[in-house]
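Reading through the structure tokens given below for one structure.
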4 protein chains.
Amino acid sequence: MIEEELMLQQLFDEDKLTDKQKKIITAAIETFSEKGYAASSTSEIAKKAGVAEGTIFRHYKTKKDLLVSIVAPLMTKFIAPLVVKDFNKLLDREYETVEEFLRATIENRRDLLIRMLPVLKIMLQEIPFQPELRAQFFDLVVKNIFNSVEKVIKGYQEKGLLIDMPPESIARLTITNILGFLFSRYILFPQLEWDDELEIERTIQFIMHGLGKKD
Amino acid sequence: MIEEELMLQQLFDEDKLTDKQKKIITAAIETFSEKGYAASSTSEIAKKAGVAEGTIFRHYKTKKDLLVSIVAPLMTKFIAPLVVKDFNKLLDREYETVEEFLRATIENRRDLLIRMLPVLKIMLQEIPFQPELRAQFFDLVVKNIFNSVEKVIKGYQEKGLLIDMPPESIARLTITNILGFLFSRYILFPQLEWDDELEIERTIQFIMHGLGKKD
Amino acid sequence: MIEEELMLQQLFDEDKLTDKQKKIITAAIETFSEKGYAASSTSEIAKKAGVAEGTIFRHYKTKKDLLVSIVAPLMTKFIAPLVVKDFNKLLDREYETVEEFLRATIENRRDLLIRMLPVLKIMLQEIPFQPELRAQFFDLVVKNIFNSVEKVIKGYQEKGLLIDMPPESIARLTITNILGFLFSRYILFPQLEWDDELEIERTIQFIMHGLGKKD
Amino acid sequence: MIEEELMLQQLFDEDKLTDKQKKIITAAIETFSEKGYAASSTSEIAKKAGVAEGTIFRHYKTKKDLLVSIVAPLMTKFIAPLVVKDFNKLLDREYETVEEFLRATIENRRDLLIRMLPVLKIMLQEIPFQPELRAQFFDLVVKNIFNSVEKVIKGYQEKGLLIDMPPESIARLTITNILGFLFSRYILFPQLEWDDELEIERTIQFIMHGLGKKD
DNA sequence: TATGAATGAGCTTTCATTCAT
DNA sequence: GATGAATGAAAGCTCATTCAT
């Protein structure tokens, strides 16, 4: 709960939310993430937030409004900056190799990523069904990221550190593997014992060198 | 619809299903896949199947029963054989290189994979929320595949075609990228124009060699 | 209740309604008429009808649907025929004078009018607020009646029994006074003691001769 | 809005109302008249009045209080004086004939009647459902008017200008026709084209002489 | 005095499930 | 087996009213 409030601070600080609104958001994230949007009831969220059910509808006209109010700022304020910031650092030559950059991205932000997981899970679950969200996701996240990423990747390609492949495909493959790791680790098989450090390193090495053995 | 019935034949032929049952299953797959399990109503499924609502409950005690009846056989009869069969072929030295094997797996079964997508989508959507399904998925799919895969991978590793990495991790990374491609291609961004052949080839090359440039 | 069922027979017999549907209609008429549409709750109607609340919504998609299902057939099947039939009789020379016709219309159909009152009250109450109903009312009742009435009135005018005034105005004034009497008698001041026979006769005389004294 | 404020001046000036209270009353009249009492929400009225919801309840303990505060003064301060004043004028022999009186009453006060319509509509709509209002209406309007009217009518009857009919019935019939005209003109069929002058004259002639042709 | 966030009872509506036919 | 009317619990949502500021 305390950790989640930290994330909320980052996510929602700029809007002035009342105390109850924050509680509603927190409870909604928790519930949507656990059961999925459609299977979560507003009465359950209200109970978990310690507010009356009517209070939810005073702030969010509909249940879907509540969902959008959670996911939308995540996309605008959080995911895009997360990646862009690092890619800009990359441009500043902070990291000499792509491995270092990936390692730093994942390692530095692992706590954050883990804390983001509930909302990320909601996003991944609902985007296939909510055209509204899908459109937002496409406009805010995909276009933004892929745009700013292009020159970065080109830069590395010019330096001879990345293969010649269209930046979109490179971005897709990289993101797939990072999200795929998180999804396997925390959503599909959280009950398995994972050596996180090791598995992240393997993922990075895989991204860079693949599975084929070099002679 | 006709294509889907083909899949159903493969999936459900062995059980003797009545005509109505097949219609129910087809309608349920379509609806669950479009809206998600929780957001689908049995009345809508009944209407789409052209049967009375009561008929659904004559064959499937509950709505969840219907879901399980769709996803479970998929796991036992479909996914496992899909991979295992090919890996056995691999053992039979049908494919000399891993690339060839991956290419064959994806290319040969692409139609099937596409036809499977609705059910796959249901599976991916519901496994995080349905412990019952998750347990089944773990027992039937994960254990089986990972078991039979182990020696295959080891074989290739001994032949020097795959890097020295625990087979589980290799399996995880490979599956992640195949499913990740399908998810991006057909669920997240179906509206984009994709050159499927090309993108599959890139995915295979990526799996084998990564993004790093070799000197 | 028994009387109301008689009216329902006339009103709804042609459609094959289930027993429960009839009970719902009866209860809805009673409740809407007593409290007005907006102040009536579906749960109250359900309780009064002795059915589950869900049953109402199985037959009528929304509460407004229920309202329309009550008022609409009244307009098509009841009010128009009521007047038209008599005016046709009039054409058949059944009544020599207009007084006789009015007296017959009101007297013959008094029971019916009284039984219709609840629905009539609903109609009068809701037409100002429900554009849907207003449009129907205009098309089905007003146009029909005024059309068929026109020639009748002209006939009487030619016979020198009615003054030269546009038929629409004559119709408006006549209907106003009949409904005005019913409204005063049964809705505004039901608690007063009325000598119905006498007051009807006065209304008829008023319609024909006005309040001014002839010398 | 400006016209309505004029009416409000007449209706509510004597009580010292704050600016906000006037805005609330105006907004309530508009809303109740458009949607009916039960279908109007206090939040909508507050928004239309430009005040906070709480402010309404500071001045009017309940929503019904607000309704009564609108309709009650209309009955005490407006309707009764309207008629009584004119009937007193009548006694003062200001009008020689009843026609003249009726014409003057309607013509002189037409603007006022039109401006009153929203409140009149509320009154007519709610009296059937609010026993409180009905009692008030009966005590303040009916008794008063009918009392003071009695001798006036008798006066005219003695002068041989009105037929011998109980004053209550004469009052009822006259009021029915005036309200009936307003109701048809402004509530039921406002969309039709009306020649107001002509239709009022017809109504007056009808009240005095009826529809029957004199030989 | 005025505000508007908060309430909770009650509303309309949905829906999985049952059962007489 | 198949039907679909009926159910009632629970869903999403509204709204008059309260109260701390």
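Letters A, B, ... mirror the listed sequences (proteins, then strands); counts begin at 1.
Checking D/Arg58 against B/Ser40, the closest nucleotide of DNA chain E that is more toward the 5' end is the one next to D/Arg58. Where B/Lys64 and C/Glu53 meet DNA chain E, the nucleotide closest to each residue was compared, and C/Glu53 sits on the side nearer the 5' end. Both D/Gly54 and A/Lys61 lie near DNA chain F, and the one whose nearest nucleotide falls closer to the 5' end is A/Lys61.
Within 4.0 Å of D/Thr55, counting heavy atoms only, lies at least one base atom of the nucleic acid. Within the 4.0 angstrom heavy-atom criterion, only backbone atoms of the sugar-phosphate kind lie near A/Thr62; the bases stay farther away.
When atom types are taken as modelled, the side chain of D/Lys63 and the backbone of D/Tyr37 share a donor-acceptor pair closer than 3.5 angstrom. Side-chain atoms of B/Thr55 never come within 3.5 Å of backbone atoms of B/Val51 as a donor-acceptor pair (strictly under, hydrogens ignored).
One can place NZ of A/Lys63 at 14 Å from C1' of E/dT13, the figure rounded to the nearest angstrom. Protein atom CD1 of D/Ile45 is 17 Å distant from nucleotide atom P of E/dG4, rounded to whole Å. Rounding to whole angstrom units, CD1 of residue D/Ile56 and C1' of E/dG4 are separated by 12 Å. A/Leu66 places its CG atom 15 Å from the C1' atom of F/dA11, with the value rounded to the nearest Å. With rounding to whole Å, B/Phe57 atom CZ is found 14 Å from F/dA6 atom C1'. Protein atom CD of D/Glu44 is 13 Å distant from nucleotide atom P of F/dT14, rounded to whole Å. If you take CG of A/Leu67 and C1' of F/dC13, they are 17 Å apart, rounded to a whole angstrom. Atom pair C/Gln21:CD and F/dT7:P shows a separation of 12 Å (rounding to whole Å applied).
Residue A/Ser43 has its side chain nearest to F/dA11 when only F/dC13, E/dA16, F/dA11 are considered. Considering only the side chain of B/Ser41, E/dA16 comes nearest among E/dA16, F/dA11, E/dT3. Taking only side-chain atoms of C/His59, from C-beta outward, the nucleotide of F/dA6, E/dT1, E/dA16 with the closest atom is F/dA6. Of the candidate nucleotides F/dG12, E/dT17, F/dT7, F/dT7 has the atom nearest to the side chain of C/Val51. Distances were taken from every side-chain heavy atom of C/Ala52 (C-beta onward) to each of F/dT7, E/dG4, E/dA2; the shortest belongs to F/dT7.
Between A/Leu67 and A/Phe32, the shortest heavy-atom distance links the atoms CA-CE1, 4.0 Å.
Contact annotation: D/Thr42 does not reach the phosphate of F/dC15 (side-chain N/O to OP1 or OP2, under 4.0 Å). Of the side-chain N and O atoms in A/Lys20, one or more sit less than 4.0 angstrom from OP1 or OP2 of E/dT7.
There is a side-chain donor-acceptor pair under 3.5 Å between C/Glu53 and C/Thr42.
With respect to the salt-bridge test (charged N to carboxylate O, under 4.0 angstrom), the residues C/Arg134 and C/Glu126 do not qualify.
The nucleotide E/dT21 finds its pairing partner in F/dA2, both defining distances of the Watson-Crick or G-U wobble pair being shorter than 3.5 Å.
For the salt bridge (charged side-chain N to carboxylate O under 4.0 Å, His left out) test, no residue two or more places apart in sequence or in another chain qualifies with D/Lys64.
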